[in-house]
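Working notes, structure below.
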Number of protein chains: 2
Amino acid sequence: MNNKKVPEGTISRIFIYLREITELVKLNIHTISSAELGERTNLSDAQVRKDLGYFGQFGVSGAGYNTQELKTALEKILGKDRAWNVAVVGAGHLGSALLTYPGFKERGLDIVAAFDSDSRKVGKQMKEITVQPLEELPRVIQQKKVSIGIIAVPAKEAQGVTDMLVKLGVGCILNFAPTSLNVPDNVKVKDVDLSRELETLSYFLVNKKAQYA
Amino acid sequence: MNNKKVPEGTISRIFIYLREITELVKLNIHTISSAELGERTNLSDAQVRKDLGYFGQFGVSGAGYNTQELKTALEKILGKDRAWNVAVVGAGHLGSALLTYPGFKERGLDIVAAFDSDSRKVGKQMKEITVQPLEELPRVIQQKKVSIGIIAVPAKEAQGVTDMLVKLGVGCILNFAPTSLNVPDNVKVKDVDLSRELETLSYFLVNKKAQYA
DNA sequence: CAGAGTTTGTGCCAATTTTCACAAAGTATA
DNA sequence: TATACTTTGTGAAAATTGGCACAAACTCTG
């Protein structure tokens with residue numbers, strides 16, 4: 001419960017724990033130990049305890065963690081007690097898939113707008129969202145109070161879109177374009193480069209052969 | 001150039017360098033320094049040099065790196081001079097988007113098959129791929145020599161599909177299902193949990209406020 | 001309620017990864 | 001060719017991260 005910087009890995013894992021705990025609450029399981037939670041998430045018991053330790057003391061010695069209490073506490077800390085408005089820029093195959101992805105809303109992430117510069121894609125309706133032209137972006141982002149942007153445009157357009165979003169005060173960007181974005185320090189970018197993920201895996205294949213041959 | 005273990009982060013970044021270098025070659029730029037390459041990829045010059053150092057000595061003191069030479073060398077090392085066969089399991093919105101994602105083929109990753117357990121999705125045609133029933137998976141994986149699997153099924157079905165793939169000798173798995181997969185040590189899994197990526201960003205929003213308020 | 005058994009929280013250590021910093025090796029110029 | 005620059009490659013230092021191990025805190029049982 002010190003105010004040290006929390007490692008990025010810890011933050012990511014905390015959401016895994018929360019997902020598991022939420023499941024346990026549904027199953028009417030009231031208590032779980034770090035060892036069991038680790039088992040279910042393929043992590044070590046020490047890792048579980050250390051990660052939780054960054055945020056407070058939630059456990060009871062000899063008994064473990066109360067699932068409902070832990071769930072409530074983590075949701076509060078992680079800002080999951082409120083919803084975040086998200087906009088998707090780029091309505092190609094990937095953008096469309098994101099618009100219809102059911103996992104977001106379940107977890108408090110509301111996609112409230114979608115944009116594309118291609119007039120053939122403008123007007124497409126997906127669930128309750130209609131794709132709007134890029135020109136509308138500034139107005140809509142401000143009106144709908146969007147704080148997270150998803151970039152699903154080709155690499156060449158990515159920086160331009162990013163600059164627009166940053167200027168409008170969007171604080172975080174999830175970037176699917178295979179390019180490195182430049183943003184000011186107070187904006188957080190998370191890159192998800194699908195090709196690169198696969199490439200990294202393929203490197204493992206090349207190397208595994210060498211290792212076991 | 002020693003045979004020490006290469007950090008995972010280095011492997012991932014090497015593909016970023018390669019992407020950038022490829023761009024430079026196209027632009028007819030023949031030489032680049034670690035400082036410039038770092039600038040373009042938002043990484044430090046020292047990081048660039050150290051990363052490249054794991055694979056060999058490619059630079060010339062006082063001059064920098066020859067882009068064409070570096071490109072050729074890295075492609076060889078990374079196994080990018082050959083193509084890998086990839087199968088997608090799950091043909092929902094995300095799976096469909098992956099099937100039509102142009103970035104893969106460009107980088108030597110050939111999606112050669114797609115499967116779904118839902119009979120309504122079987123038979124769907126996407127580019128040159130037809131969605132096949134899950135029962136066909138064992139036969140097709142072996143016949144087409146698939147070495148990388150992509151899991152884009154709901155969380156509950158993910159482990160079952162994984163077990164099938166592992167049994168068939170698939171060495172790497174890219175997992176989009178929001179669940180932890182159990183695999184033997186010689187199989188490499190990379191998780192891409194889109195909701196979790198967004199959640200991690202939203203945590204940053206919560207925390208940033210505290211930091212600057 | 002005493003004693004045996006569990007499980008947490010955390011200081012400390014080990015391993016990994018990044019950054020620093022500088023000698024060595026090159027280029028460019030006159 | 002000599003001198004001034006530039007840039008690499010890499011040991012060594014610093015920072016980060018994960019794992020161990022154990023005292024302290026609690027539960028459970030008879």
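Just so we're on the same page: letters track the sequence lines, and every chain starts at 1.
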Starting from P on D:dG9, measure out to CG on B:D45 and report it in whole angstrom.
12 Å
Indicate whether OP1 or OP2 belonging to C:dT18 is found under 4.0 Å from a side-chain N or O atom of B:R13.
yes
Nearest-neighbour nucleotide for the B:Q57 side chain, D:dT10, C:dT17, C:dG26 considered
D:dT10
In whole Å, I'd like the distance from the CG atom of A:L52 to the P atom of D:dG18.
14 Å
Spacing between A:E8 atom CD and D:dA15 atom C1', to the nearest angstrom:
16 Å
Looking at A:Q47, I'd like to know whether one of its side-chain N or O atoms comes within less than 4.0 Å of OP1 or OP2 on D:dT17.
no
Whichever of B:E36 and A:V60 has the more 5' nearest nucleotide on DNA chain D, that residue is B:E36
May I ask you to check whether over 12 heavy atoms, not counting those of B:E8, lie within 6.0 Å of atom CD?
no
If you only use heavy atoms from C-beta on, which nucleotide in D:dA12, C:dG26, C:dT8 is closest to the side chain of B:S61?
C:dG26
Side chain of B:S33 only, heavy atoms from C-beta on: which candidate in D:dG18, C:dT18, D:dT8 is closest?
D:dT8
Donor-acceptor contact below 3.5 Å, side chain B:S96 vs main chain B:A91
yes
Report the distance from atom NE2 of A:H30 to atom C1' of D:dT27, rounded to the nearest whole Å.
18 Å
Sole candidate of A:K190, A:R19, A:K80, A:R13 that passes salt bridge (Lys or Arg N to Asp or Glu O under 4.0 Å) when paired with B:E199
A:K80
note: B:Y65, atom OH; D:dT6, atom P; distance rounded to Å ~ 18 Å
Scan A:T10 against the nucleic acid and name what it touches under 4.0 Å (heavy atoms): base, sugar-phosphate only, or nothing.
nothing
Could you give the CG-to-C1' distance, from B:N66 to D:dT7, as a whole number of Å?
15 Å
N/O (side chain, B:S34) to phosphate O (OP1/OP2, D:dT7) under 4.0 Å
no
Distance-only, no hydrogens or angles: does the B:D116 side chain make a donor-acceptor pair with backbone N or O of B:V131 under 3.5 Å?
no
Taking only the side-chain heavy atoms of A:R49 (C-beta and beyond), determine which of D:dC26, D:dT17, C:dG9 contains the nearest atom.
C:dG9
Would you mind telling me which residue lines up with the more 5' stretch of DNA chain D, B:G62 or A:P7, judged by nearest nucleotide?
B:G62
Separation of B:I11 atom CD1 from C:dT16 atom P, in whole Å?
14 Å
Could you tell me whether a side-chain N or O of A:Q159 sits under 3.5 Å from a main-chain N or O of A:N182, the two making a donor and an acceptor?
yes
What is the separation between atom NZ on B:K50 and atom P on D:dA12, rounded to the nearest whole Å?
11 Å
